[in-house]
> 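Pasting a structure here, questions to come.
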Amino acid sequence: MPIAVARRLLPPGSIVGVSCNTPAHVHAAVRDGADYIGIGAVYGTQTKKLTEPLVGVRGIAAMLDGLGESPIKAVAIGGIKATNALRILHSAIAPNGRPLDGVAIVSDIVASREPAASATKLSRLIRAFQQEFATGIGIHSRATIVGSIAVEPALERVQSLFQEIKKSSPLVHQITNNVVATQSANITLAVGASPIMATAADEMEDLSRIPGALLVNIGTLVPDTKLGMLEAGYFANLNGKPIVLDPVGIGASTFRKSSVNGTCSSLRRNVQPIIKLCNVELLDRWQPSVIKGNAGELAAFAGSTEVKSKGVDSVGSGFSDPALFVQALARQERCIVVLTGKTDYVSDGHLVVCIENGHELLGQITGAGCMAGSLIATFCAAQASLTRGQSGSAAIEGQLVDRGMLYAAVGGLLTLEIAAEQAVPADGSAVGRGTFLSRLIDRVGFLTQDDITRLAKISIQVPGSPKESTRTGLRE
Amino acid sequence: MPIAVARRLLPPGSIVGVSCNTPAHVHAAVRDGADYIGIGAVYGTQTKKLTEPLVGVRGIAAMLDGLGESPIKAVAIGGIKATNALRILHSAIAPNGRPLDGVAIVSDIVASREPAASATKLSRLIRAFQQEFATGIGIHSRATIVGSIAVEPALERVQSLFQEIKKSSPLVHQITNNVVATQSANITLAVGASPIMATAADEMEDLSRIPGALLVNIGTLVPDTKLGMLEAGYFANLNGKPIVLDPVGIGASTFRKSSVNGTCSSLRRNVQPIIKLCNVELLDRWQPSVIKGNAGELAAFAGSTEVKSKGVDSVGSGFSDPALFVQALARQERCIVVLTGKTDYVSDGHLVVCIENGHELLGQITGAGCMAGSLIATFCAAQASLTRGQSGSAAIEGQLVDRGMLYAAVGGLLTLEIAAEQAVPADGSAVGRGTFLSRLIDRVGFLTQDDITRLAKISIQVPGSPKESTRTGLRE
Amino acid sequence: MPIAVARRLLPPGSIVGVSCNTPAHVHAAVRDGADYIGIGAVYGTQTKKLTEPLVGVRGIAAMLDGLGESPIKAVAIGGIKATNALRILHSAIAPNGRPLDGVAIVSDIVASREPAASATKLSRLIRAFQQEFATGIGIHSRATIVGSIAVEPALERVQSLFQEIKKSSPLVHQITNNVVATQSANITLAVGASPIMATAADEMEDLSRIPGALLVNIGTLVPDTKLGMLEAGYFANLNGKPIVLDPVGIGASTFRKSSVNGTCSSLRRNVQPIIKLCNVELLDRWQPSVIKGNAGELAAFAGSTEVKSKGVDSVGSGFSDPALFVQALARQERCIVVLTGKTDYVSDGHLVVCIENGHELLGQITGAGCMAGSLIATFCAAQASLTRGQSGSAAIEGQLVDRGMLYAAVGGLLTLEIAAEQAVPADGSAVGRGTFLSRLIDRVGFLTQDDITRLAKISIQVPGSPKESTRTGLRE
């Protein structure tokens, strides 16, 4: 029934809502003057077939965008529960910054044995999100905090994470590819943390209760492992554990791309045209804190055709403006984005940290990028540990991605890359690719926070802004 | 029908039996004066649903214990065949040493094409067990053999196993986690044996026919691999191959614990209260010769809360009385138990061998414990080879766990730990975690039996007994 | 209906065909004077149960052999499509060199939306095969090309492949065992190529479109991975990518043997009696360019009882005439066959290249043979790249196995084995098994084409022919 007809039939002041399944529906609802829209169905059910395609978690934001500046309210609907509401609220923010006004929840309250308690829990969660969104430091927050572009405070953040790893030896749960599992475990041990490389879906809930961080690396993705990844990330989100996603070789096959990132469906309006909105599978289920890849992988992930990949490798000279790319992708994905290469670019959507450390041998052994992922996850675990220490749980209940993970990502990269520089003999004698890996792990074990401070070559910028801070580590 | 009623209805001298599914049933049967009890069902069937829970292989012993000193006979029933009878008889021994009096077998005889041959085979197997139980050297034997606490004879046993490995290069089939598969294969090769790392359930029967040993390590357990483990262990038991179980990270998740060790259901009476009787999955199907773990793992396995674990690591200072713990657990599980740590404790249920060798770097790389498991399995293969050579097959037909595996476990640990000491430069210069692994495998390859004799730091005790023998290897 | 009866009923000049499902049927058809035979069904269907056993791709040749020199035509039938026709034509060549005269195709044309285009495509493919068969350089070609037995030109071929690897860095897709995945990737990187270790069946079609080569190694075969292998090989054949098959441990279990090689069904007439024709699974679906194994593996693969294996290792002194064995097996399998050992034997069915390089430490670490497979696949990718560059696609459309892969196999082996010699210190000091692997990968990375030319110790022979060329690399 058209809205105009409904308004004629209803008494004045009636509230009229419209179900929207596509951006076109939203456009029509704005044109026809609806009071609110219901966006959905977000998730499918197993009991009945839906006649419309699923909007998916990641499709909500594009539809919110269609509301523009209109006063029309929006709620998401379809399969939403206390256990996924935060993931949906976090993801469903339009490019212009507009969030959902609410979520429609049925069975999680109606079918609950304790409807009042369920409703209270949901209400608390949504309010926590709204408070965090309005004023907090989470990466989704409307309170746009552009951190300092000064280098020294950034390195101090990295140092305190490094100390925290040594102190608390956090558990780093890694679902990674079987090519690099050994070295990933060893480099995690070398920096002082405790790795566990478990993939069975059946044990993910239990493992998620142990504080630390989760790494998901799709290098040798198979359906069974994907089930483990879906579960692990879901429970990690529920328990506030940071997740590092390493979409290895995502450009190599549709299977990888759709497992993470679905079919690209539409363009967002206010981000670079190189970045497309994609439906997702893994990312429909959970929110990563960090997404890390080389140029070919991040291009494939974002639907950009600017950079090609061959298997797991990136081809060519990369993005024309990598800093802008990572900044835009971080804003879109609402998490830290790490672009690895000769220069690494790390962004929280505002700041972009560039790292010039490393050694070419890292590109000549298998799994250097995977080890970077392990180390980033280790630093994320430390950041989560510090955050738990500093603030009450209420303050972080509404937050899925801590902006401090920017420094965790920087710390993980610096650890790997400075150790790589140290692994090469100072006298310039040649090191083979076989012995290099052993020497690299040696050096990560010997690395001190003073090494990091002394040798880091980083600069920080805000793309589009003239100011930029550079600091180059000097070797004695 | 109550027993008293049955006795009234039946002629004098009638034999009255009672089916028992719980310890309470056994208690009632004793009280009411049954002539025998049938304990079951041990196994389920696929064709009908049982109305009572399964007793399981590991539940029988607790129910036998309820018979105390009474003259009531006991048989197990439900799914028992020639292929699992030995596993059941071996496991179903009450803490007070009381075995089953028999097993009830239906289809394996009745549905056999050659009922007489089937019955003969079963009868021979049961008699072999009973003979071995009464007088043999298997670890389940009633003939309690407390071996020598002198150190030199123990080291001679280790030496002869070392020689046998070099001579026969036994096949060591390893179903292990994918983090350590490479180094596990390499350390097996380095000591002189032949590894095969096969996990497909379809090939386990074939592989079990090749003499050697089997290692089962649950470090990256997934359902498919678990199927392989169930099959591999079953056929290993059938073919008299020793099995080493390494329950890596068993405390990390219910999935791991229940896959190996089920839900803890009741306490045994005469063992330390820290050790509970557990239903099992893997262990419902097969009998290991050696169970090896760190303090956190063995605590989780045994249901003890004395030691906690974090992921795959043990937390804190370990058991208050580790020697007593391993002795009690070895008696309960009727196999060799190895507790690894700064000091290792190895027991056959009577003797406890303590090993002080090793180096802290073993704790700083991934998979040192897994390599210990591989080397123990290799020495077990040598012990099985020597046993086959020494005795007729009839003598060992009734035996699932050879007490000589105590020395195999000691040999495997000494090999790893002495090589680790040698892998560190004598001049005290630092070795990194990356190069340490390569050097360790080098040294295992170079290790001689003289090194073992010269450098072993072991002592042997019988907990509760004042005597203890200590011998410390001296370095030149 | 007997042929004689049919002839009586039909007008003179009628063409009478007979369906043949066994060699006995063929024998009867020859005896009774059929005009043509239809051999099948080659493949089963999922919709109806066949009453006769499948002939399978590899069963056709034996039945063709039964036609002897008779003028009776033969076509294969049952499940044949454009996508598998080339595989069938390639494989279905009798030992006496007789190919199929055609294939019977129904649904691929009749059920096509564009029957004319489908028929044209099929016709072109079959003509390409026939042209190639009559005059080409593919290994199946009737134009028997016995290449030069001079050593220098062979080494020049190897050199140009080595250069091509450095130049084009081909993608080498490897489905290998999880014990050696890391070192396989690293050795591929070290020689200058780009490895991808993907196993999911879902992504095989996509990966097959990237030029390069495919390695299939069954060292830790499990059903899921086997699905990936079936798909990967099928699409590799379709896209003209060379495949290296490494049947690791094939003698260890019926599961491995039947997964690759099926039940041995009959003897071919004109090859050594040690070689049997086997039904296959992997090989029913795709044609490898190279089959590589140690003596125990190739004996198990070929159904020979001359050499035994224990797990993944070969036992005893090997074949009495290894050169003749590999030559015969290459002719039977219509691909390059590589027999590794102290001396390696490589054959294209005519030439046999013997390689004397290597070091005993290669036999003392896990996965040396697997790394040989990776390097052979890398050289095959280079050969495919050169072939694409040299000839139009029409010339190679009818060809599944390029005879130039002989030099690719030689190149891969020389790279590994010369690097192994260089990895051992020139001063004769001992190298451990642990550090050897790192040093080996170092040396592969440092290896030059001059090293290969200078240090290669190869000879070339045509078994049965008196001439043989030997060249031994001299060390300065």
Side-chain angles (χ1 to χ4, degrees), chain A residues 168-212 220 222 224-225 227-228 231 371 419 422-423 434-447, chain B residues 176-186 197 199 218-226 248-259 281 296 300 308-315 360-368 370-371 429-442:
Chain A
S168 67
S169 188
L171 190 78
V172 185
H173 176 198
Q174 306 183 37
I175 308 182
T176 190
N177 68 76
N178 61 24
V179 183
V180 303
T182 311
Q183 67 207 50
S184 299
N186 272 322
I187 209 148
T188 307
L189 282 162
V191 77
S194 172
I196 185 166
M197 322 302 276
T199 63
D202 297 313
E203 61 181 339
M204 293 310 162
E205 185 172 3
D206 284 352
L207 290 175
S208 75
R209 295 209 193 91
I210 312 172
T220 52
V222 291
D224 276 356
T225 315
L227 277 182
E231 291 292 281
M371 288 189 289
Q422 295 179 322
T435 50
F436 175 68
L437 175 61
S438 301
R439 294 172 65 107
L440 175 64
I441 292 174
D442 285 355
R443 297 310 314 183
V444 169
F446 292 139
L447 197 75
Chain B
T176 190
N177 67 76
N178 61 23
V179 184
V180 302
T182 311
Q183 68 207 49
S184 299
N186 272 321
M197 322 303 276
T199 62
I218 68 163
T220 53
L221 187 66
V222 291
D224 276 357
T225 315
K226 188 175 153 188
V248 175
I250 190 174
S253 71
T254 303
F255 170 63
R256 294 185 190 218
K257 206 178 295 181
S258 66
S259 290
E281 291 207 359
K308 300 283 181 211
S309 51
K310 179 174 74 176
V312 299
D313 296 325
S314 187
V315 173
E360 62 177 4
L361 276 166
L362 285 175
Q364 297 172 6
I365 60 170
T366 194
C370 301
M371 289 189 289
S429 60
V431 177
R433 296 147 190 250
T435 50
F436 174 68
L437 175 62
S438 302
R439 293 171 66 105
L440 175 64
I441 292 173
D442 285 355

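Throughout, a chain's letter reflects where its sequence line sits, starting with A, and its residues are numbered from 1.
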> A:Arg443 side chain to A:Ala419 main-chain N or O, any donor-acceptor pair under 3.5 Å?
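Here the side-chain-to-backbone pair does not exist.
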> Mind ranking A:Ala181, A:Ala190, A:Gly192, A:Ala185 by heavy-atom pairs under 4.5 Å with chain B and telling me who comes out on top?
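Going by pairs under 4.5 Å, I would pick A:Ala190.
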> Under a 4.5 Å heavy-atom cut-off, does chain B meet the side chain of A:Thr435, its backbone, both or neither?
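Neither the backbone nor the side chain of A:Thr435 comes within 4.5 Å of chain B.
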> Is a side-chain donor or acceptor of B:Ser314 paired with a backbone partner of B:Gly296 at a separation under 3.5 angstrom?
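Yes, the answer is positive, given that a donor and an acceptor are paired below the 3.5 Å cut-off.
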> Which atoms of B:Thr254 come close to chain A, meaning under 4.5 Å heavy atom to heavy atom: side chain ones, backbone ones, both, or neither?
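When you check distances to chain A, atoms from both the backbone and side chain of B:Thr254 fall under 4.5 Å.
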> Is there a donor-acceptor pair under 3.5 Å between the side chain of B:Ser259 and the backbone N or O of B:Phe255?
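Flag set: sc B:Ser259 to bb B:Phe255 pair under 3.5 Å.
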> With a 4.5 Å cut-off on side-chain heavy atoms, are B:Val248 and B:Thr176 touching?
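No; the side chains remain at least 4.5 Å from each other.
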> Can you tell which part of A:Leu189 gets under 4.5 Å to a heavy atom of chain B, answering side chain, backbone, both or neither?
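Both the backbone and the side chain of A:Leu189 come within 4.5 Å of chain B.
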> Taking every heavy-atom pair that is under 4.5 Å apart, which of A:Asp224, A:Val444, A:Ile196, A:Ile210 has the most such pairs with chain B?
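Highest number of heavy-atom pairs under 4.5 Å: A:Ile196.
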> Would you find a donor on one side and an acceptor on the other, under 3.5 Å apart, between the side chain of B:Asn177 and the backbone of B:Ile218?
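Here the side-chain-to-backbone pair does not exist.
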> Within residues 198-208 of chain A, which residues come under 4.5 Å of chain B, heavy atom to heavy atom?
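Within residues 198-208 of chain A, near chain B: A:Ala198, A:Thr199, A:Ala200, A:Asp202, A:Glu203, A:Asp206, A:Leu207.
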> Can you check whether A:Met371 reaches A:Leu440 side chain to side chain, under 4.5 Å on heavy atoms?
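A side-chain contact exists here, since the closest heavy-atom pair is under 4.5 Å.
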> By a 4.5 Å heavy-atom criterion (distance strictly below it), what part of B:Leu221 contacts chain A: side chain, backbone, both, or neither?
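For B:Leu221, backbone heavy atoms alone lie under 4.5 Å from chain A.
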> Not counting sequence neighbours, which residues clear side chain to side chain donor-acceptor pair (under 3.5 Å) with B:Asn178? List them please.
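Applying side chain to side chain donor-acceptor pair (under 3.5 Å) to B:Asn178 gives none.
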> Within the distance-only criterion (no hydrogens, no angle test), does the side chain of B:Gln183 pair as donor or acceptor with the backbone N or O of B:Thr366 below 3.5 angstrom?
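At least one qualifying donor-acceptor pair exists.
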> Output the distance between atom CD1 (A:Ile175) and atom OG1 (B:Thr220), rounded to the nearest 0.5 Å.
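So the gap between those two atoms works out to 12.0 Å.
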